[in-house]
Amino acid sequence: MKTQFIPIDYSYFDFEGKNYALIYGRDPNNKKVCLIDSCPVYLWAILKDKTSKEKIEEIKKKIEKIEIDAKSRKTKVEKVEIENKNFLNREVKALKIYATNYKDLHDVADKIDFPEIEKRRGYDLGFTTHYILERRLEPLNWYEIEGEMLNNSDEFGGIDQIMNADFVIKMKSFKNLKENEFEPKVLAYDIETDDLKIGKGEILMISLVSKEFKKVITWKKIDTKKDYVEFVKDEKEMLEKFCKYVKEISPDVLVGYFSDGFDMPYIKERAEKFKIKLNLGIDNSQPKSSGGASSSSRIEGITHVDLLKFISTTYSQYMQSETLSLNEVAKEFLKDTKKEFKIQHSSKLKEHNWEEYYEYNLHDSELTLNLFEKFWPDMLEFSRIIKEPLFEISRNGLSKQMESYILHNLSRFNEIPEKRPMNNEISERIQRGGVKGAFVYEPKPGIYENIAMFDFTSMHTSIIISYNISKETLEEKGKNQFQSPEIEIDGKNKIFYFSRKPGFVPTILKEIFEKRKRFKEEYKKDPNIFTKARSNAFKLLSASAHGYIGFSGARYYSWEASSSILAYVRQFNIETIKKIEKLGHKVIYGDTDSVAFLINKDSKEDIKNLLKRLNEKLPGVMELELEGFFKRGIWVTTREGKSGAKKKYAMIKEDGEVKIRGFETVRRDWCKLAREVQDKIIRLILNEGNEKKALEYFKEVVEKLKKREIKKEDLIIRTQLTKPISEYKSISPHVVAAKKIKENEEPMAHGSLIEYYIAETNTKSKLIRDKVKLIDEKGEYNIEYYLKNQILPAVENIFNIFKIDLDYLIEGKKQMKLGDFK
DNA sequence: ATATACACGGATCCCCTATTTCC
DNA sequence: GGAAATAGGGGATCCGTGTA
């Protein structure tokens, strides 16, 4: 039979000792299809140079006899081929060793310990990655499949009979189709419980939402007119209903928000408690957790996506939201917020509260569904570009994404994949220590007018490409090589040398770099969610290239490469600063890849010409870009007041657009008042060019604070608890607040933002932590603290630019009477 | 285990010395 | 008068959060 097919999720099973890939997807009629396929399984043994033909034949014969009898199955070497391959850009002879079962490749590798074998590789990719590499049946692309339909067949032990798929097909062949469109069937879910500790409390209700389906299942009965609420007898029945609905709807994607860390493990634990089989899988299997600390839950045949994971690993650095709570993320991307509802223990809830609770529960699933749809184009593009399934794409960090992209492109270079570093190698890498980073120019504090800012486009990546820097291109000193700038190691200067023969990593990055440019243009011409997503995906890959090379867990980690890249980064930045100064412009600031300088009397055209001239001298794909012209900008001293503060500045464009970096205004661990006051003062000064209005405004605020006219909400301080309370060596205010929350037995998730304020207390203690109160705790806010430790520090450096000293304000309580401000 | 380094700055920790308190 | 307690200064360290 023939059909069209789009692969969504990949898995595999063993039958008679061999591996078979299971690929779940859809046909054009939206029928759920499960494909069964197989692929050759092998690893590589790289031979030492100059191994004689006879010797190779001899080893080959020995390897062909390897058999492994373990784990209730027999694996043997099926055949061995000799091939000319590349490994780390070097031509090698390698043995391709085919074996019965992928999981035994490691054991096979252990038996190939002949002295003529230099390295063994290619057995640690994971079966799914290996399969996709081998067969090129890539996720989320359309194919025409030819195969045999299994219907009540005995093949593979009757696998088609236990699969709840519309079709189970044993694949014979396939070909690519151009067809692009695909919309997955998505079901979102969310649970409400009485205790945040996994499995400890009861699950009160579960909501399920898809495009056509809306339901809240609960055993807490009250009179309600809400038709989406379905009552069941008890928690046990609710869990069974949940399974039943998921199976009936049979979605491609089951999506939750923090569901890897909360909803799914909770449901699992409760099901275990009630001895219910949570048979969500297409083969009636239960969800499987893996990954320890930040585990993930996999459901056979349905892609379980924890949207929080995708957003936090891939997008959080480009987002405005200060937390990744569903509420805030929904606000940013959907302009929608959670329903107002204060979660209480169910025993405290009144009858009418329950209605709101149902609504709240349903709404969370709706938000999750809508957010998924918002991010779907991005996940789809990522999956297609990186060629890994949605399940992996939605969970992997940037380094893993980068690595997968490289692995899926190696065959073009005839390259054997490098192995993952072992734990001891990772420790060695970490022990060797990090590399010296970029250069930051120390600004001279002050207010400046007419500023231009240049920055390098994708600086690290363009350096890697232009100088061919990578693990595989690193060489001993020779002729005609790229040389890194001098790098200081243990007091001595060292230079690293890189081949001119293009390495595969720089080549792959060059492609990414060019595609990034092309798709950015495409998006500009045709702005839609898909062109944006594609442009975004390449932007992210491009941006994480250097981080990958310097990451101790990377296959293609290289300390030397990373050091060299950064040495170039420093060199280019410093040289650019020098060149601009030589042309008569005063440089104000620069950080890593940027330079800000005074335009003087020059016109914008002059500056653009200057940029053009600088660009003519740059090598390879390196490019300097105009970040913008600014009417005015301010730089301040550090708190100590002796030097100019780096990574802290504010500038304004002609059109009034303000760019604020590093100031307390953009930091979430300062109270709202301090942030707003600072923001306003910065804007007033940037607009006016002097401090007059700002100072008046500031005095007003101080007056208000002293008269307690500021709302307590504006004084709440929010700090993240980043680890368990007991692990803190230093007991800071937010730790004290967290302890209080715990004592009150209020819900507090790991990593949550702790909110508190500093109150007036009788305590003699000078420690701030002894004045901490939770929001709901009665008390007056501590005026002295908010003056001395919040609003003054936020603005005094700014006023110092104008030689205005606010010091007399912080001398002490006595002097801070109302009359001090005139 | 889950991309890198640089940087600021609050708050506590910790050591030391001076001062105060207590007997 | 002398020992113990306390205060306060100041650098080191921890911690959170930014920029690039």
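Throughout, a chain's letter reflects where its sequence line sits, starting with A, and its residues are numbered from 1.
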| query | Looking only at heavy atoms, which two atoms of A:Tyr548 and A:Ser399 are closest? And how far apart? | reply | CD1-O, 3.5 Å
| task | Check whether the side chains of A:Thr461 and A:His546 place a donor and an acceptor atom closer than 3.5 Å, and report yes or no. | result | no
| task | When you get a sec, tell me which of C:dG18, B:dT12, C:dG16 is the closest nucleotide to the side chain of A:Gln720? | result | C:dG16
| message | Just so I know, are the side chains of A:Val636 and A:Asn800 near enough to count as touching, which here means a heavy-atom distance under 4.5 Å? | response | no
| request: Measure the distance from OH on A:Tyr548 to P on B:dA1 and round it to the nearest whole Å. | output: 19 Å
| request: Could you tell me whether the side chains of A:Glu388 and A:Thr129 share a donor-acceptor contact shorter than 3.5 Å? | output: yes
| said: Once you apply a heavy-atom cut-off of 4.0 Å, does A:Val735 come out as touching a base, just sugar-phosphate, or nothing? | reply: nothing
| So, does the side chain of A:Arg668 form a donor-acceptor pair with the base of C:dT17 at under 3.5 Å? | no
| query | Under 4.0 angstrom, heavy atoms only, what part of the nucleic acid is A:Gly553 near: base, sugar-phosphate, or nothing? | reply | nothing
| task | With A:Arg395 as the cation and A:Phe391 as the aromatic partner, state whether NZ or CZ is under 6.0 Å from the six-membered ring centre and within 45° of the axis. | result | yes
| message | Please give me the minimum heavy-atom distance between A:Leu307 and A:Phe375, naming the atom from each residue. | response | CD1-CB, 4.5 Å
| Could you state the CZ-P distance from A:Arg667 to C:dT19, rounded to the nearest angstrom? | 9 Å
| query | Hey, does the side chain of A:Ser399 come within less than 4.0 Å of B:dA3's phosphate (OP1/OP2), counting only N and O? | reply | yes
| remark: Of the candidates C:dG18, C:dC15, B:dT12, the side chain of A:Tyr728 sits closest to C:dC15
| Quick one: A:Lys648 NZ to C:dA20 P, roughly how many Å, whole number? | 14 Å
| task | Mind checking A:Tyr441 for me? I need base, sugar-phosphate or nothing, with any heavy atom below 4.0 Å counting as a touch. | result | nothing
| request: Tell me which nucleotide among B:dA11, C:dC15, C:dT17 gets nearest to the side chain of A:Asp669. | output: C:dT17
| query | How far does the C1' atom of B:dA3 sit from the matching atom of C:dT19, given to the nearest Å? | reply | 16 Å
| note | Testing C:dT17, B:dG9, B:dT12 for proximity to the side chain of A:Pro733, the answer is B:dT12
| Quick one: do the A:Gln320 and A:Glu332 side chains pair a donor with an acceptor below 3.5 Å? | no
| task | May I ask you to verify if any side-chain N or O of A:Asn789 is less than 4.0 angstrom from the OP1 or OP2 atom of B:dG10? | result | no
| said: Counting the atoms with a prime plus P, OP1 and OP2 as sugar-phosphate, which does A:Arg661 contact under 4.0 Å by heavy atoms, base, sugar-phosphate, or nothing? | reply: sugar-phosphate
| Between B:dG10 (C1') and A:Glu664 (CD): distance, integer Å | 10 Å
| request: Pick base, sugar-phosphate or nothing for A:His460, based on heavy-atom distances below 4.0 Å to the nucleic acid. | output: nothing
| query | Does A:Lys646 make a cation-pi contact with A:Tyr441 (under 6.0 Å, within 45 degrees of the axis)? | reply | no
| For A:Asn423, which contact category applies under a 4.0 Å heavy-atom criterion: base, sugar-phosphate, or nothing? | nothing
| request: Check the distance between B:dA3's C1' and A:Leu398's CG and give it to me in whole angstrom. | output: 6 Å
| field | Cationic tip of A:Arg429 above A:Trp559 ring, under 6.0 Å, 45° of axis | value | no
| query | Separation of A:Leu721 atom CG from C:dC15 atom P, in whole Å? | reply | 11 Å
| To the side chain of A:Lys646, which of B:dA7, C:dC15, C:dT17 is closest? | B:dA7
| field | Short side-chain N/O contact to B:dG10 OP1/OP2 from A:Arg639, under 4.0 Å | value | yes
| Rounded to the Å, how far apart are A:Leu767 CG and B:dG10 P? | 16 Å
| task | Just call it for A:Ile426: base, sugar-phosphate, or nothing, with non-hydrogen atoms closer than 4.0 Å on any strand. | result | nothing
| message | Using a heavy-atom cut-off of 4.0 Å across all strands, would you classify A:Lys400 as base, sugar-phosphate, or nothing? | response | nothing
| request: Counting heavy atoms from C-beta on, name the nucleotide in C:dC15, C:dA20, B:dG10 closest to the side chain of A:Pro793. | output: B:dG10
| note | With sequence neighbours left out, the residues meeting side chain to side chain donor-acceptor pair (under 3.5 Å) with A:Glu442 are none
| remark: Picking from B:dG9, B:dA7, C:dT17, the nucleotide nearest the side-chain atoms of A:Asn797 would be B:dG9
| On DNA chain B, nearest-nucleotide positions of A:Glu640 versus A:Gly433: which is more 5'? | A:Gly433
Quick one: which protein N/O atoms are closer than 3.5 Å to N/O atoms of nucleotides 6-13 of chain C? Pair and distance per line, please.
unit_1, atom_1, unit_2, atom_2, d
C:dG8, OP2, A:Lys766, NZ, 3.0

| field | Touch class at under 4.0 angstrom, heavy-atom based, for A:Ile731 against every strand present | value | sugar-phosphate
| How would you label the contact of A:Thr638 with the nucleic acid (heavy atoms, under 4.0 Å): base, sugar-phosphate, or nothing? | sugar-phosphate
| message | Between A:Asp378 and A:Tyr315, is there a side-chain donor-acceptor contact under 3.5 Å, judged purely by atom types and distance? | response | yes
| request: Would you please confirm or rule out a distance under 4.0 Å between OP1 or OP2 of B:dA11 and any side-chain N or O of A:Tyr785? | output: yes
| message | Classify A:Gly547 by what it touches in the nucleic acid, base, sugar-phosphate, or nothing, heavy-atom distance under 4.0 Å. | response | base
| Exercise: do A:Glu472 and A:Ser470 side chains pair donor with acceptor under 3.5 Å | yes
| query | Does A:Thr719 put a side-chain nitrogen or oxygen below 4.0 Å from OP1 or OP2 of C:dG16? | reply | no
| Does a side-chain N or O from A:His546 land closer than 4.0 Å to OP1 or OP2 of B:dA3, or not? | no
| message | So, OP1 or OP2 of C:dA20: does either fall under 4.0 Å of a side-chain N or O from A:Tyr649? | response | yes
| message | Without decimals, in angstroms, what is the distance between A:Ile549 CD1 and B:dA5 P? | response | 13 Å
| query | Want to settle it: does A:Val440 or A:Ala543 sit nearer the 5' end of DNA chain B, counting the closest nucleotide to each? | reply | A:Ala543
| request: Look at A:Glu392 together with A:Arg298 and state whether they make a salt bridge at an N to O cut-off of under 4.0 Å. | output: yes
| task | Pull out every residue in residues 556-571 of chain A that has a heavy atom closer than 4.0 Å to any atom of DNA chain B, ordered by number, or say none. | result | none
